[in-house]
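The next block holds one structure in the form of structure tokens; read it before the comments.
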2 protein chains.
Amino acid sequence: MSAPYSRHRPCRLSQVPRWDLETEVLIVGFGAAGASAAIEAAGAGAQVCLLEAASGHGGTSALSGGEIYLGGNGGTPIQREAGFSDDTEDLYQYLLLAGGSDADAAKCRLYADNSLKHFEWLQAQGVVYKNSFIATRIIEPFTDDCLIWSGSEEAWPFIDKARPCPRGHTPQWMGLGGGKYLMDRLAERVQASGVDVQYDCRVQALIADDDNRVLGVVARRNNEDRFIRARKGVVLCAGGFIMNKAMLQQHAPKLLRANTPIGTVDDGSGIQLGQSVGGNAIHMNEGFVTIPWYPPQDLIKGIIINERGQRLINEDCYHGRVSQAILQDEGTRFFLLADSSFFAEPEWGPFAKIGIAAAGESWEEVERELELPQGALQTTVQVYNQHAARGEDPLFHKQARWLTPLVKPPFVALDLRIDHCIYSSFTLGGLHTRPTGEVLDAAGEAIPGLYAAGRTTSGLPRVGAGYSSGLSLADATFFGRQAGLRVAKA
Amino acid sequence: MSAPYSRHRPCRLSQVPRWDLETEVLIVGFGAAGASAAIEAAGAGAQVCLLEAASGHGGTSALSGGEIYLGGNGGTPIQREAGFSDDTEDLYQYLLLAGGSDADAAKCRLYADNSLKHFEWLQAQGVVYKNSFIATRIIEPFTDDCLIWSGSEEAWPFIDKARPCPRGHTPQWMGLGGGKYLMDRLAERVQASGVDVQYDCRVQALIADDDNRVLGVVARRNNEDRFIRARKGVVLCAGGFIMNKAMLQQHAPKLLRANTPIGTVDDGSGIQLGQSVGGNAIHMNEGFVTIPWYPPQDLIKGIIINERGQRLINEDCYHGRVSQAILQDEGTRFFLLADSSFFAEPEWGPFAKIGIAAAGESWEEVERELELPQGALQTTVQVYNQHAARGEDPLFHKQARWLTPLVKPPFVALDLRIDHCIYSSFTLGGLHTRPTGEVLDAAGEAIPGLYAAGRTTSGLPRVGAGYSSGLSLADATFFGRQAGLRVAKA
């Protein structure tokens, strides 16, 4: 007989047949959020048990580049060495704008004020950062270098609100895959902290009393249901829902246009467990999406058009912001137009399936080859060139350094079709939480005994259009820590 | 002491001190959905109690034009008299496309198959329809006429998927306000059916057992909590959440750009009551928005541009679909460009605050007056004109009858600013239900004892871009009926 427990309905206290295990703090999920929560809760003296559905640590965080968005307080040593004195207010304003019209001001404030200390904490966990800065615009380092421009800091409208500063900090790890390195370090600390880690252990349901006070979980391991009591609280750090097609269909159908989900488990179970006791899931339609259409950064001098020949956005903003504009557009065909003064093959082209869609001696020829409506591409280029020649982009406010008239043949159109190229995505909607990690119901009241962090929540990265590399890991590690500290004190 | 009951947390059976009232079917909300559910449940022999928070019947349905989207099965008598033999499959395909990528195929199917019978049912309730058709494109009749084009049937992409047919049926009522007439007729039938109607009675919480089986409600009336038992079930017909700014902020922040919510109570309580027992709220970011920029229909020959001078959509689709494109655009300034061959003041202009933003002898002059980027408006008009002269619109597929080059001066730009003009809106996200009205949890399982209809649910009108006038009342009345029939049989 299969277990009757459901992530959609809490197991009531009266239905618990026995307690197989008792702990003070129970953490669900061993990604960056869960690891950070565990380290802090254990460090504060609490007895901690961490359950992970997979057979090892890492979660989706280990799939990432390991980059964390850090700064403020005059800058990290690496920012300062690179010549940037990052002001806390600039970081705060940037985070606020990146969070969209419902940005969580309290989280932005707390993070901006404590981001430098958070960098030191990461180092204290054994995460090593090389004192180096890559000034050109890239996706993530292929080297072991650290600091990069990882957002839209230098692009409109961000540049008008906050002094720009590079804030993407990647651990010292040669090549891609810094996320695995980061998670290995955090996992070592979790183990060293005496946390009871149980792998291959999937949470089936929360255990709650009639008032939805959370008291533990029902977890399945070795084909057996285990009833685990958490005297201080449960912390949900189980990722987002990018691997759950039914949830995407119901809440974020546009994300289904992106063909490459970034996820491990990410089946929405963390969010749904929270909802089962009244947790409020917000901004469920939001997600990150990207195609790595630059580097080389000179491609930013090109313009991106849709199948109507129209530009979409200032191309000098973060690749994920550009890609979000593509995701929201109704069409499927998108092109990057470049001229011979700067064109080069995109570095991630083979990975992302970005090929050349057309080339020609005139834009008229390119337009015809792409079978775009006559005049549509040509007039878009014409208007762009006319203003670019004066160093202006009155339509989308691309900054002057990237503005050059597209006049040197041959001309090239790169293929960015959303139904063909690699568009990666993950979800940003999730449980509404306080900066302390307390999960809130729709009335804005905390659900006793329940905490969450990372992509199970709607956090610092709240809307796709504002995403910047490193924001999700910043949110997961920092607010995972806050949740761990808070639950330990419960 | 204020009542401790919350729409966010069910009152447990063990907490019920007494039953003040017992009934078989309890309906929450006396708009079109609640009235239709009550009539059918009572007609099926059930004992019905209907609770309404306001002091009279009608809800937001009574604020509407009373139009209902009807057809199929060869057409209603009014469609047939007007020369349209509406095919069920065409209605089905239209509804499917209008529902977006997660359209509820089962609801579309049931409605298409039974829409003609539903028309007869409405007539049987005393709703009178005049046998008349207004062929020109309007918002709703100022007269007592019936049939109008109320959607995007004749526009791309709908016209490619379903043979177009006018389907908006407005009751015989002189002037605007047919919704009040409709609700008065339905209310008469509710009263005649022996339904126990209680006004000024607001539901505070659902009453449920530990497994979230819904057994009744806690309602507040005369400053007293009343515990009402519903032996067969509770039907939530309490409208959407357009009047709840906090919910809009968390789920549908873009709708806050529209300045004129269409709502009475619509505080999201129906949806939140459903969520309190595990109901799955889906597509919560979706909403209807519109500015009545036509009639006269000749204005459809104009083109609508954003502040970058770009067109957004084929202007011959339904005004709400055009307005949705405006809502989704990043900017705030939008203009309708017309030439003197067809320009006339918009009929709803004074109501909607649509004024003339600029006029000139050349498009260059209009562009300058609007302070748009040089060349942006001009080239858009140039490309449009070039294709329109051939009866084509390869960018957005506006149909040939509306295509005329904009070449006769003087030229006019009407002001459609979203932060100035009247943009009306209501929400479309809500509880996930079966066609029977059964409320589903996130696992797709029905919650025993709980039903819902109307804007408390995500129904036939599911995405703003697919909305057509009459779809919300069609959904509310038809699926309100289904819920009433189903709960009566429980």
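Everything quoted here is computed from the prediction, not taken from an experiment. The chains referred to below are lettered A, B, ... by the order of the sequence lines, with proteins before strands, and numbering in each begins at 1.
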Chain B heavy atoms under 4.5 Å from [X]: which part of the residue, side chain, backbone, both or neither?
{"X": "A:Ala246", "answer": "neither"}
{"X": "A:Glu307", "answer": "neither"}
{"X": "A:Asn212", "answer": "side chain"}
{"X": "A:Arg390", "answer": "side chain"}
{"X": "A:Ser101", "answer": "both"}
{"X": "A:Asn306", "answer": "neither"}
{"X": "A:Gln378", "answer": "neither"}
{"X": "A:Gln272", "answer": "side chain"}

Looking only at A:Val463, A:Leu395, A:Thr379, A:Leu256, most heavy-atom pairs under 4.5 Å shared with chain B are made by A:Leu395
Most contact-rich option vs chain B, by heavy-atom pairs under 4.5 angstrom, among A:Arg7, A:Gln310, A:Glu286, is A:Gln310
Please round to the nearest 0.5 Å and tell me the distance separating atom [atom1] of [X] and atom [atom2] of [Y].
{"X": "A:His397", "Y": "B:Arg308", "atom1": "NE2", "atom2": "CZ", "answer": "8.5 Å"}
{"X": "B:Glu445", "Y": "A:His8", "atom1": "CD", "atom2": "NE2", "answer": "7.5 Å"}
{"X": "B:Ile282", "Y": "A:Gln249", "atom1": "CD1", "atom2": "CD", "answer": "9.5 Å"}

Q. Would the number of heavy atoms belonging to other residues, nucleotides or ligands and lying under 6.0 Å from CZ of A:Arg213 be above 12?
A. no
### Message
Is it the case that over 12 heavy atoms from other parts of the model lie below 6.0 angstrom from the CD atom of B:Glu371?
### Response
no
Heavy atoms only, distances under 4.5 angstrom: which of [options] has the most pairs with chain A? Name it, please.
{"options": "B:Arg462, B:Met247, B:Gln374", "result": "B:Gln374"}
{"options": "B:Pro394, B:Pro373, B:Gly331, B:Ser276", "result": "B:Pro373"}
{"options": "B:His387, B:Gln15, B:Lys254", "result": "B:His387"}
{"options": "B:Glu330, B:Glu392, B:Arg311", "result": "B:Arg311"}
{"options": "B:Ala442, B:Pro253, B:Gly375", "result": "B:Ala442"}

B:Asp441/A:Arg9 ion pair, N-O < 4.0 Å:
yes
In short, B:His251 meets A:His283 closest at the heavy-atom pair ND1-N, 4.4 Å
Answer with side chain, backbone, both or neither: which region of [X] has an atom nearer than 4.5 Å to a non-hydrogen atom of chain A?
{"X": "B:Ala325", "value": "neither"}
{"X": "B:Asp210", "value": "both"}
{"X": "B:Ser14", "value": "side chain"}

In terms of side-chain heavy atoms, does A:Asp102 have a donor or acceptor partner in B:Gln250 at a distance below 3.5 Å?
no
